[in-house]
Amino acid sequence: MVNEISERVEKLFPSLQKQRRDLHKYAESGWLEFRTSTLVADRLEKLGYSLQLGKEVIDADSRMGLPSAAVLAEQERRALEQGAIARWMPHFSGGFTGIVATLETGRPGPVMGFRVDMDALDLCEVLDEAHRPFREGFASANNGMMHACGHDGHTTIGLGLAEVLMHVRDQLCGTIKLIFQPAEEGTRGAKSMVEAGVVDDVQYFTAVHIGTGVPANHIVCGNDTFMATTKLDVHFTGVASHAGGKPEDGRNALLAAAQATLGLHAIPRHSGGSSRVNVGVLQAGTGRNVVPSTAMMKVETRGSTNEVNDFIYQQALKVISGAAEMHQVKFDIRLMGAAQSSTPTPAWVNYIHRQAEKLGEFEQIIDHQEGAAGSEDATYMMERVKARGGEASYVIFGTDLSAGHHNELFDFDEKVISQGIKTLAALALNIAEFKGDI
Ligand SMILES: O=C(O)C[C@H](NC(=O)Cc1c[nH]c2ccccc12)C(=O)O
C-alpha cells in the first residue's frame, strides 16, 4: 500500500511542481488569497470532496489583521485578472479565504484533520538571475507579496494529499478533513477557523511546515518550540507645526514612535523563558520642515510560554504609553494577530514516527527539536483538539533552502512536497495501527 502511494506521488511530481510554481508566481498575502482559494476549491471539488467555504469555516469577528475594505476589493480585482475562477469568488469575497474539504469514507473510523496554510509574506521577491524562481520564470508577479516561507509548498502538499487519498479512498476509514487556512503570517487566520468550529470534531490533527532549518531528508514529528506571540499596530497622533518658527507648538509623533521603538527593544528578559520583540515597520511624518504629527508602528512580542509573552506584552504597553506621555501625543493600539504556545501529544508523535520509519524516505526521524522557533497559529487548532480529548501534532519536513525563511531569496527543494504527501497519506491509510500507546 505504501508503495502504491509512493509510486502515485512520484508520477504526480511534475504536476505538483507546476502547481507549486504557479502558486509561487501569484503569491497572495493573508486574507487576500483570492486566486489561490478559488483554484484550490475548484480542484478539490473536481476530485470529489465536499466543500465548506468562506463564512462556513471562518468566523468573521475572530479574524485578526484584516486589510481594509479598499485593499480587499482591489486585490479581488487583481486576482480575477490573474486567473482566479470567478464562480468561486463570492464565497471568499471580503476576506473569507478559507476552505475545508471533507472525504467521508462511509466506513467507521476517526475524524482526521490535516492543516496547510496558503498565504504569502509582505515582502518583495528578488528579481535576479541568481534566484531560481526568477531564472525559471515563476518569481512573484505581485510586488510586495512573496512566498518566502514555503506556504506555496504547503498548499501543494494539501492538494496532492487530496488527490492521493481520493485515489485510495476504498482503503480508508473514518473521515478526512483537509483544512486550507488563510493568513498564518502575522498569526491572524487560525483562530477564526477554530471559532467557526472547524476542528471541533477532529480526533487526530496534524499541521505541517517545510524547512525551518531542518535539513533535507529529516522529519520532525512533533515540533514543540512554538513561541506565544502578540501582534499590534500602534498609531501615534500629535500636532503638526512650523519646525523653524514654532516647534514648541508641535507634538512630535515621530519622536514618540522612535522613543517607543528603543524602549521596546530594551524590555527586560523573563526568567521563565526566552522572548522576542520586533518593531518591523515604523512610518512617520509628512515633510522635512514640519513637526511630524503622525506615526505608525507594526510591533510583535513573543515568548517561549504564554506567561513570558504576556509579560513582554504588558511591558510593551507601558513603554508605548510612556513614550506617548513623554511627547504629549495620543496613541491607539490595535491587536492584529496572536498565537499561543502548544505541545504535541506524545502518542500521536510516536505514531507519526513509526509511519515515517516505515516509509523509508528519511535519513533521520526526530521527535522534537530544540532551538530558535517561530510562532504558529495552528497552535489554536492543536489546543482545541487536545481540549476535546484528541491527539495533535505539528510536523516539519526538512529541505534544502536557498536562503532563510522570510528572506527575499528564499526557495526550497521541491522534493519535500512528495515526502510530505507520502507521510501524511500514510498517517491516514494506516490509522488502524494507532493504538493511543506511547
Ligand atoms: O508569527 C508569525 O507571524 C508566524 C510566523 N511563522 C513562521 O515563520 C513559521 C515558522 C518558522 N520557523 C518555525 C519553526 C517552528 C515552527 C514554525 C516556524 C513567524 O514565526 O514569524
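Computed from a predicted model, the values in this text were never measured in an experiment. Order of listing sets the numbers, starting from 1, for every ligand and every atom in it.
At least one N or O atom of Gly186 sits closer than 3.5 Å to an N or O atom of ligand 1. Considering backbone and side-chain N/O of Tyr394, none are found under 3.5 Å from N/O of ligand 1. Ligand 1 has a nitrogen or oxygen under 3.5 angstrom from a nitrogen or oxygen of Glu184. For ligand 1, none of its N or O atoms has an N or O atom of Asn223 under 3.5 Å away.
In this structure, Phe226 has its ring center closer than 6.0 angstrom to the ring center of Tyr394.
Under 4.0 angstrom from ligand 1, there are no non-hydrogen atoms of Ala339.
Contact between Thr225 and ligand 1 is absent, with no heavy atom of the residue lying under 4.0 Å from the ligand. No heavy atom of Met227 sits closer than 4.0 Å to any atom of ligand 1. Residue contact annotation: Glu185 has a non-hydrogen atom under 4.0 Å from ligand 1.
For the pair Arg35 and Phe92, the cation-pi criterion (under 6.0 Å, within 45° of the ring axis) is not fulfilled.
Ring-plane geometry between Trp88 and His91 is classed as tilted, the angle between the planes lying from 30 to 60 degrees on a 0 to 90 degree scale. Relative orientation of the Trp348 and Tyr204 rings is parallel, given thresholds of 30° and 60° on the angle between their planes.
Using a 4.0 Å cut-off to heavy atoms of Cys149, the atoms of ligand 1 that qualify are 8 (O). Counting atoms of ligand 1 from 1 in the listed order, those under 4.0 Å from a heavy atom of Thr187 are 1 (O), 2 (C), 3 (O), 4 (C). Distances below 4.0 Å separate heavy atoms of Lys231 from the following atoms of ligand 1: 1 (O), 2 (C), 3 (O). Ligand 1 places these atoms under 4.0 Å from at least one heavy atom of His209: 9 (C). For ligand 1, the atoms sitting less than 4.0 Å from at least one non-hydrogen atom of Phe226 are 16 (C), numbered in the order shown with element in parentheses.
Using a cut-off of 4.0 Å between Lys/Arg side-chain N and Asp/Glu carboxylate O, Arg63 and Asp377 are scored as not salt-bridged. Under 4.0 Å is where a charged nitrogen must lie from a carboxylate oxygen, and between Arg384 and Asp200 at least one such pair does.
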Legend entry - Trace of the side chain to side chain contact (heavy atoms under 4.5 Å, CB included) decision for Glu433 with Gln355: CA-CA 9 Å; Glu433 294 172 20; Gln355 293 303 322; 2.9 Å; yes

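Residue His406 holds the heavy atom nearest to atom 8 (O) of ligand 1 of all those in Gln369, Arg302, His405, His406.
Residues satisfying the side-chain hydrogen bond (donor to acceptor under 3.5 Å, both in side chains) test with Thr156, not counting sequence neighbours, are none.
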Could you list the donor-acceptor pairs under 3.5 angstrom formed between side-chain atoms of residues 419-428 and any protein atom two or more places apart in sequence or on another chain?
unit_1	atom_1	unit_2	atom_2	d
Gln419	NE2	Asn217	OD1	2.9
Lys422	NZ	Glu10	OE2	2.5
Lys422	NZ	Glu361	OE2	2.6
Thr423	OG1	Gln419	O	2.7

